[in-house]
Asks: 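Shown below is the structure under consideration.
Note that the coordinates shown come from a computational prediction; the quantities given were computed from them, not determined experimentally.
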Amino acid sequence: TYTFEDVVATLDGVYPYDWAKFLRDRLDGKVGLTGGLEASGWKLVYTDEPSDYAKAQSKDGRGAGTADFTYSLGLGIGKDGAIGDVRWASPAFNAGIGSGTTVVAVNGQAYDKDVLEDAVKAAKDGKAPIELLLKEFDRYRTVKLDWHGGLRYPHLERIAGKPDYLTPILTARK
């Protein structure tokens, strides 16, 4: 394995710079992860509507029929109700939900993507948690998710008055 000092020395051998400070600032959270994005004239925002890309992904190919609650509840659910991914430190993670668990019901109603979406929307204006009935192997358990932030989907938004460096990078070459 490599130590932090080994990595810094290797980087310094490629290009002399204060790599220790650069890495520490990022690893310790002193510099936001979106700094480069904002320097390119864009910022990350969240809205209650999925992006066009997310909509297309949920209809076609591998994502067909799946439910993406990654940025709200912190989980992605397959069309059969099976939880695929659980985001670290999310409401789902904090409630002890893991991959492979199946969502059977939402607030006492049989699971469906739209049922869970409606529950997330309703919880935004209420105080009651979202109640999920889960199946793990041959056992059932009820979990309450205390999430009141509504639906959240990431989007890029232009920062007015800043030069746009991202669009030329992402534009197809002719």
Asks: CG/Leu23 to CG/Leu11 distance, rounded to the nearest 0.5 angstrom?
Replies: 6.0 Å

Asks: Looking at Gly74 and Ala92, what are the two nearest heavy atoms and their distance?
Replies: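 For Gly74 versus Ala92, the nearest heavy atoms are O-CB, 4.2 Å.
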
Asks: With sequence neighbours excluded, give me every salt bridge (Lys or Arg N to Asp or Glu O under 4.0 Å) pair touching residues 114-127.
Replies: Glu117-Lys121

Asks: Any donor-acceptor pair under 3.5 Å linking the side chain of Arg87 with the backbone of Pro91?
Replies: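 Pair absent, no side-chain N/O of Arg87 close to backbone of Pro91.
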
Asks: Determine whether Tyr53 and Tyr46 fall in the same hydrophobic cluster, where Ile, Leu, Val, Met, Phe, Trp and Tyr are linked whenever their side-chain heavy atoms lie under 4.5 Å apart.
Replies: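 The answer is no; the residues belong to distinct hydrophobic clusters.
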
Asks: Does Leu75 reach the side chain of Ile77, with side-chain heavy atoms less than 4.5 Å apart?
Replies: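 They are in side-chain contact.
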
Asks: For Tyr165, is the OH atom crowded, meaning more than 12 foreign heavy atoms sit under 6.0 Å from it?
Replies: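 No, because the 6.0 Å sphere around OH of Tyr165 holds 12 heavy atoms or fewer from other groups.
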
Asks: Once you measure the plane-to-plane angle for Trp19 and Tyr15, does it fall in the parallel (<30°), tilted (30-60°) or perpendicular (>60°) bin?
Replies: perpendicular

Asks: Ile159, Leu170: one ILVMFWY side-chain cluster at the under-4.5 Å cut-off?
Replies: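 Different clusters: Ile159 never reaches Leu170 through Ile, Leu, Val, Met, Phe, Trp or Tyr contacts under 4.5 Å.
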
Asks: Does NZ or CZ of Arg152 come closer than 6.0 Å to the centre of the six-membered ring of Tyr71, within 45° of the ring's axis?
Replies: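 No; the conditions do not both hold, so Arg152 does not lie above the ring face of Tyr71.
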
Asks: Side-chain heavy atoms nearer than 4.5 Å, only ILVMFWY residues, links allowed to pass through others: does that put Val143 and Trp88 together?
Replies: yes

Asks: Quick one: does Leu116's side chain get under 4.5 Å of Leu132's, heavy atoms only?
Replies: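 Counting from C-beta outward, Leu116 and Leu132 do come under 4.5 Å.
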
Asks: Within a strict 4.5 Å, meaning less than it, do heavy atoms of the Leu27 and Phe4 side chains meet?
Replies: yes

Asks: Is there a side-chain contact between Thr70 and Asp85 (heavy atoms, below 4.5 Å)?
Replies: no

Asks: Give a yes or no on whether the backbone of Gly76 and the side-chain of Asp68 come within a donor-acceptor separation of less than 3.5 Å.
Replies: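 Absent.
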
Asks: Is there a side-chain contact between Thr102 and Asp80, using heavy atoms and a 4.5 Å cut-off?
Replies: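 No, every pair of side-chain atoms sits at 4.5 Å or beyond.
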
Asks: Might you confirm whether atom OH of Tyr17 has over 12 heavy atoms from other residues, nucleotides or ligands at distances under 6.0 Å?
Replies: no

Asks: So, do Leu151 and Phe69 sit near enough that their side-chain heavy atoms are less than 4.5 Å apart?
Replies: yes

Asks: Linking I/L/V/M/F/W/Y whenever their side-chain heavy atoms sit closer than 4.5 Å, directly or via other members, would Phe22 and Tyr2 fall into one cluster?
Replies: yes

Asks: Is it possible for you to say whether Leu156 and Val45 belong to one hydrophobic cluster, with membership spreading through side-chain heavy-atom contacts below 4.5 Å?
Replies: no

Asks: Taking transitive links into account, so neighbours of neighbours count too, which hydrophobic residues share a cluster with Tyr140 at under 4.5 Å side-chain distance?
Replies: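 Taking Ile, Leu, Val, Met, Phe, Trp and Tyr as members, Tyr140 shares its hydrophobic cluster with Val104, Leu133.
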
Asks: Do Val106 and Asp112 come within less than 4.5 Å of each other through their side chains, counting heavy atoms only?
Replies: no

Asks: Quick one: does any side-chain atom of Asp6 pair with a main-chain N or O of Thr3 as donor and acceptor, under 3.5 Å?
Replies: yes

Asks: State whether Lys43 and Glu157 are salt-bridged, where the test is any N-O pair (Lys NZ or Arg NE/NH1/NH2 against Asp/Glu carboxylate O) under 4.0 Å.
Replies: yes

Asks: Identify the heavy atoms of Gly78 and Thr66 that sit nearest to each other, and give their distance.
Replies: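 Between these two residues, the closest heavy atoms are CA-CG2, 4.2 Å.
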
Asks: What are the two closest non-hydrogen atoms of Lys144 and Ala95, and how far apart are they?
Replies: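 That would be O-CB, 4.4 Å.
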
